[in-house]
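Working notes for the structure below.
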Amino acid sequence: MKLEQRYEGKAKRVYATENPHEYIVEYKDDATAFNGVKKAQIRGKGEINNAITAHLFPLLEAAGIPTHFVERLSDREQRVRAVEIIPVEVIVRNVAAGSFSERLGVEEGTELRRPVVEYCYKSDTLGDPLINTDTAVALDWAGEEELSRIRELALRVRDFLTPYFAGRGIRLVDFKLEFGRTHDGQIILADEISPDTCRFWDAATNEKLDKDRFRRDLGGVEDAYAEMLRRVIAPAQG
Ligand code: UDP
């Protein structure tokens, strides 16, 4: 049962439950970009992101990555383990795109010789500035050991998801993860994995099938999200 709302973010609401160690997350259709400057609704997004995350997190668990996911409850809701979110957004990149391309003058679509893990401070007011792990330790956001565990888990997520999507005709360009700390101090994967938080390009055409269609006014946003849900739940090809 949903009790009081604990948190409202840009795309989700989090509610307490009768179990102090569990929350219910509700996925919204609201979309924002450029630090909330651009706002709109993407019809069906909440249901799609809930379904995609609810499909992928158990696969990650089975691959040995602990996550907050417990069960999907309805079209928009899932039950998750309660965590304290570590205020560090972890970005993993296979291919140059977005802020990486702009910052370093590297053409979008350039394959990286090895995956790159970047860290940003989760702060809307500051626009999620890039940090390093020293900063996170110095400001008491996470311990040194927690950060090395986070990096290890983020790379394991990448090692699982990259071939998973390749088998479904998708190039996994980059993605953002968030981790949380349970009441007993375990670091687990939290938040979501969806077209809001990943760059997905069609492997054959490089067509964008993610939130960049909204950020860059490319049109076909709803169709791209629906196509990603179809690909995620489809069996691997070939
Ligand atoms: N990302 C996200 N939330 C953020 C920032 C980035 O989910 O607040 C995702 C984004 O969708 C992309 C990856 O993280 O898949 C890398 O984003 P980038 O740093 O290139 O930022 P952007 O170009 O989106 O500003």
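As the structure is a computational prediction, the values presented were derived from the model and not from experiment. Order of listing sets the numbers, starting from 1, for every ligand and every atom in it.
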Residue set satisfying side-chain hydrogen bond (donor to acceptor under 3.5 Å, both in side chains) with Asp140, at least two apart, ordered chain then number -> none
Using the test side-chain hydrogen bond (donor to acceptor under 3.5 Å, both in side chains), find all partners of Glu22 that sit at least two apart in sequence or belong to another chain.
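Testing Glu22 for side-chain hydrogen bond (donor to acceptor under 3.5 Å, both in side chains), a comparison that skips the adjacent residues, returns Arg79.
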Identify, chain by chain and in numerical order, each protein residue with a heavy atom under 4.0 Å from an atom of ligand 1.
Glu89, Ile91, Arg93, Ala97, Gly98, Ser99, Asp128, Asp174, Phe175, Lys176, Asp196, Thr197, Cys198, Arg199, Arg215
Any ring-ring contact (aromatic ring centres under 6.0 Å, His included) pairs touching residues 96-123, not counting sequence neighbours?
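Residue pairs with at least one partner in residues 96-123: Tyr121-Trp141.
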Side chains of Ser101 and Arg93, donor plus acceptor under 3.5 Å:
no
Using a distance-only test with no angle check, is there a side-chain donor-acceptor pair under 3.5 angstrom linking Thr17 and Asn19?
no
Does NZ or CZ of Arg168 come closer than 6.0 Å to the centre of the six-membered ring of Tyr164, within 45° of the ring's axis?
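Cation-pi check for Arg168 and Tyr164: passes.
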